[in-house]
Amino acid sequence: MRPITNSADTLPRTSVLDLSRRIGDKQAEPYQARIAASVREAIRRGRSGAVLAPTGSGKSLLAAGAAEDAIDLGKPILVLHPDVSLLRQNYAQFQSVPVVKGAQTAFYVAKNEVIGEQPMVRNSLDADVIPATNMSLVNKLDDEEFLRSLDRFGKRGGVVLIDEGHKAAAEELAQVLSRIAHAGGSGIVLTATPFRTDGKDPLDAFGASIEHDLIDVATYDEVLATGRTVPTKFDIATGEFEAHLGTDAVRLIESAFLALLAENKSVDQASQQAFSRFFKEGASEGDKAIAALIVAAVTRIWAKCAASATLAMIHCDSVEFAKELSGYLAQEILPPGHDREAEKPRVAFVVAGEIRVWRNGAEAGLKEGEEPGRKIKRDDLLDAARAGGFDLLVNVNALGVGTDVPQTDLNILACQERSIGPVKQISGRGERAHKASGKTHQVFVDVGNSILRIFSDIDAMRRNHPERCRRQVRGLAAPIREQFEAWFDKDPSLREQIEERQRQIRLRMGEGDSEQYDDALDPTMEIGEEDTLPVPKPFAAGLMTTGMRRYDSETKKFSSRVALFCDLKEFGLYDEEAAPDLPRWLVATHDERTGAQQAFLCKTQDIARKYVAFVGIRHDGDYESASPTDKQRRFLTSLQQARPLALPWLTGFAAPANATQMSAAIDLLKDKAGLLARLLNVAAVRLVERATGAHSLRPDLRSIVLDRPNQLTPQRRDLLAAYCRLRQRFADLYPYAFGGKPTAFSVTTFDPSVLPEIKAIVANTNVRFFIIDNPEKEEQLRPSLAEGLIKSSIVAVGPKGPSEQWIRQKAGFGRHDDAARAREQSFRDYLTDLADGPVSKDHTLTITLARTEYLEIAAAKPGKELIRAMPSAVMNLLLLLGEEGGVPTPGEQVELIQDAIQKNRTDVTVPFSLPRLCARYAQRQVPAQKKVLKDLEKAATFKKNRDAYLRSQKPTSLAS
């Protein structure tokens, strides 16, 4: 994986003037102007890389701006498209830019394609602007003159702009790009989904990476804020779908999936064909019956959502499935509440090379009154859909990239798509805003576990659990994962839907609520061959290690990957009476180049080795056979005798027998055993996560609160004890490795009848055990408990795992249902919108008030509503922190405002603790919460509009 390129570090800083730009007849949004400036600088410097911009962000405008800049800089530009429809869309935008419209233009398209109204110059790279489809270039590879023209294009400093670049990695096209690159050309990719499952990369030819050499990024949130796109509301309908099918049919579908895997199909291929086998010609009567159930189930799910839908798209996994579903849907009746209720839907079936239309239950032509049979063009169908001529478009891979029908507000994924790129592209069809219909969001319905898989993968990375997700997602650059996180976060109900779906799966598989304390291997994990599995060797008592070295061609340096294996019994973290079925091996890994650290709790050493191989540490026979040097031996001995390692539990160092052992041991012990300390910390976090059943626990976890402690399983209790012992050992290293004291930690319970074996969890450690056994202590603990829950530095655990509702009650939170969590999330979001910038590392945000605003707060009378939005919102926050007689209690914020009044300041910046505010908000009654939320929403809207106005004024003032 290449390191992420930070455009701020590699390109000159964009001036305010650059942030205001017209491209042709359109005023660019601020983010478009910023990206255009970054792309221009990349073109000027001949730099290759990618631009990440969500669906609906206006990539056609960015392409037009890139063409304008290339012409201005005296460089030709070749604009590549996956199909002619997208080419037409971009070319129409080019025609609005005078410089581009007047430039010498040539096309590479199929012979029967006519673009524009002027005579076309075809098949020439000697023009200024060359719009082309990928295949039209590939088809010229056997033409020697064409190959020479590629060389000339590259020597002229030509730029290849690859629109929807994730679809452009075919080997034949790579030959075209390599020829241009070797002659001196550069490549820039525009895409919303910059990743491929096949591992190929169109920017390889240019020595760059589509995922990690990012020229600029338009974030999901900034595009959404412009109103160009709308958020997605998810409907995880897989359980409903399976209920329609019945248990037997579901098992048959799953057996078909496993059969495909047995045929050496990839997981993605098997998922994409999950339903298609039941619709194939010659299918058995049993398969045909299941096919009928699938069609009926999808139809029912559509009918449930159709009343409020303007236009629905249904995405199938085979032509036969889509065709049968289209005919079935055409006979249905639009539900009550629909604009055309009681009528039959207008349906179109769309696949490559074939389009069919149904109206009033009968097949028809595209236009009203036209007989069926005449071939319908895709662009004509989409024009009719945009004009409101259809209710349903059923397709197979035909309505993805480049499809722009903004009325679409219902997307149904009637397949088991596992790859994140196609799913996000499909969702993008409904995310474009459409003012005429008043669309505020799109509904994305999943019937095949697609969103469950993708959410789980992205969430695993967010929670720093890369071992829980596929390699495809583990390799994503952070800005790309953040796009998906923002996409999911806009629907606060999604996580609850996911958890419910996971519960349904467990129940159906007969697992119920049974506990699993180890990390079990996934059959789809890529671990390589048996002879490439790493071989851990003794390091110290109860500890083993292995690693590998690799050469980085970019940095011209070697970097290491290290794994530390801990035998929990030999290392003394389990006592003699520990439950016999506990997982025995805890392994932590470190990648020096990326800084990634992960940990796994495994039943056997063999499973631990496979997890280590899964994260990229492999056996290197040549390196294993090399002997350490005498210099290395002396250096390691000096490290082992250093003061930080003179600890009673860190003894019995093994003499490294080969270069692998030696380099791993030195990596662990150098820098005052800093890496050893960090890996033990990572391992401790994984151990407590498995002990509590919680996820996303922070390294600075400061307390575990036990719910019904006497009912804890022996395994959970023993794992908690192992965590406390490991935390103690980590604390022994902390002053040397990190130069300070570790975070204090405690175990707490509200049950005074706690048994001695529960108290023994912290035996022989510095961990404190508290029993909160009276109302006065509970009241004293409530504020810190509430803030700890908000910061995720406190976790409550009971006999069945995390115990959220109970601990929310103890923290004084008003409600514990989904609506309460949605309000709390909205409160946090509005606070973020009001803040001057990102929340600091200590969870502090600041809000700046103008003089008139803070004076209004100071003059406020108890119970009286404030006039302005910002003072009203900030007054609510002050009252949340504490009030006496309806006015804020004295504190830092009040003192800052009083000081600003005395010194007649033009403004004052007021700091707030985000966890404290969120905790106090959650403790308020529902009516008070709703009032606060309403005021914050008004203030956030006011601030957004004010900031937009101020930005629009800055270029004018600078120019004058």
Side-chain angles (χ1 to χ4, degrees), residues 464-467 518-519 533-549 559-574 583-602 604-619 624 636 639-640 644-645 647 649-690 699 722-723 725-734 736-738:
N464 196 28
H465 294 157
E467 78 282 358
D518 65 308
D519 292 299
L533 291 179
V535 181
K537 298 295 177 62
F539 168 66
L543 297 175
M544 306 180 80
T545 186
T546 188
M548 64 180 289
R549 293 267 171 176
S559 63
S560 66
R561 289 175 175 168
V562 178
L564 180 68
F565 291 74
C566 175
D567 182 331
L568 293 166
K569 199 167 187 65
E570 291 296 322
F571 198 51
L573 300 186
Y574 288 156
R584 181 159 178 171
W585 287 89
L586 183 60
V587 58
T589 65
H590 170 75
D591 188 321
E592 182 181 25
R593 192 180 75 168
T594 64
Q597 295 175 345
Q598 300 154 46
F600 316 91
L601 185 61
C602 308
T604 66
Q605 187 190 98
D606 185 57
I607 294 175
R609 291 172 61 210
K610 290 176 179 177
Y611 266 108
V612 171
F614 180 58
V615 299
I617 301 178
R618 304 297 172 89
H619 175 80
E624 288 276 354
L636 180 60
L639 292 176
Q640 292 170 340
L645 306 182
L647 298 168
W649 56 267
L650 193 60
T651 58
F653 286 113
N658 56 46
T660 300
Q661 286 178 264
M662 176 60 75
S663 63
I666 289 175
D667 283 339
L668 288 170
L669 299 181
K670 67 183 180 182
D671 300 327
K672 297 183 179 179
L675 181 57
L676 176 62
R678 290 198 299 274
L679 288 185
L680 287 177
N681 190 29
V682 171
V685 172
R686 188 63 184 153
L687 191 61
V688 75
E689 284 178 340
R690 278 310 194 180
Y723 169 70
R725 292 166 189 155
L726 183 54
R727 189 175 179 113
Q728 171 72 54
R729 296 190 177 183
F730 166 70
D732 291 341
L733 279 174
Y734 205 95
Y736 306 104
F738 302 118

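Just so it is clear, the model here is predicted, and its values are computed rather than measured.
The salt bridge (Lys or Arg N to Asp or Glu O under 4.0 Å) test applied to Lys670 returns Asp667, not counting sequence neighbours. Judged as a side chain to side chain contact (heavy atoms under 4.5 Å, CB included), and not counting sequence neighbours, the contacts of Met662 are Pro628, Gln632, Arg633, Leu636, Pro656, Ile666. The side-chain hydrogen bond (donor to acceptor under 3.5 Å, both in side chains) test applied to Arg584 returns Asp567, not counting sequence neighbours. With sequence neighbours excluded, the residues that form a side-chain hydrogen bond (donor to acceptor under 3.5 Å, both in side chains) with Arg561 are Asp591. Ala722 is linked by a side chain to side chain contact (heavy atoms under 4.5 Å, CB included) to Leu573, Tyr574, Leu687, counting only residues two or more places apart in sequence or in another chain. Residues passing the side-chain hydrogen bond (donor to acceptor under 3.5 Å, both in side chains) test with Arg727 are Tyr723, sequence neighbours excluded. Residues meeting the side chain to side chain contact (heavy atoms under 4.5 Å, CB included) test with Glu592, sequence neighbours left out: Ser559, Ser560, His590. Judged as a salt bridge (Lys or Arg N to Asp or Glu O under 4.0 Å), and not counting sequence neighbours, the contacts of Asp606 are Arg609, Lys610. With sequence neighbours left out, Ala683 forms a side chain to side chain contact (heavy atoms under 4.5 Å, CB included) with Leu586, Ala588, Leu726.
The distance from the CD1 atom of Ile607 to the CG atom of Asp519 is 9.5 Å, given to the nearest 0.5 Å. Between the CZ atom in Arg686 and the CG atom in Asn681 there is a gap of 14.5 Å [rounded to 0.5 Å]. Atom OG1 of Thr660 is separated from atom CD of Glu624 by 3.5 Å, given to the nearest 0.5 angstrom. Interatomic distance, Leu679 CG to Phe730 CZ, rounded to the nearest 0.5 Å: 10.5 Å. A distance of 6.0 Å separates CZ of Phe738 from CZ of Arg678, quoted to the nearest 0.5 Å. Separation of atoms CG (Asn658) and OG1 (Thr546) is listed at 8.0 Å; rounding is to 0.5 Å.
Panel note: side chain Arg618, backbone Ala613; a donor-acceptor pair is recorded below 3.5 Å.
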Which side-chain N or O atoms in residues 534-543 pair as donor and acceptor under 3.5 Å with protein atoms at least two apart or in another chain?
none

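In this structure, the side chains of Leu669 and Leu676 come closer than 4.5 Å at one or more pairs of heavy atoms. Residues Gln597 and Leu675 have side chains in contact (heavy-atom distance under 4.5 Å, counting atoms from C-beta outward). Using a 4.5 Å heavy-atom threshold, the side chains of Lys569 and Trp585 count as separate. Two residues are said to be in side-chain contact when any heavy atoms from C-beta on lie closer than 4.5 Å; Gln598 and Tyr611 fail this criterion. Counting only heavy atoms from C-beta outward, the side chains of Cys566 and Leu564 never approach each other to under 4.5 Å. Counting heavy atoms from C-beta on, the side chains of Thr545 and Phe565 never come closer than 4.5 Å.
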Given the rule in the side chain to side chain contact (heavy atoms under 4.5 Å, CB included) test, do Phe571 and Arg729 qualify, once you have shown the distances and angles that lead to the verdict? CA-CA 11 Å; Phe571 198 51; Arg729 296 190 177 183; 3.5 Å; yes
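Summarising the geometry of Ala737 relative to Ala677, their closest heavy-atom pair is CB-CB, 3.7 Å, with the distance given to 0.1 Å.
Among residue pairs with one or both ends in residues 650-666, none qualify as salt bridge (Lys or Arg N to Asp or Glu O under 4.0 Å); sequence neighbours excluded.
Geometrically, Arg690 does not engage Phe600 in a cation-pi contact defined by less than 6.0 Å to the ring centre and at most 45° from the axis.
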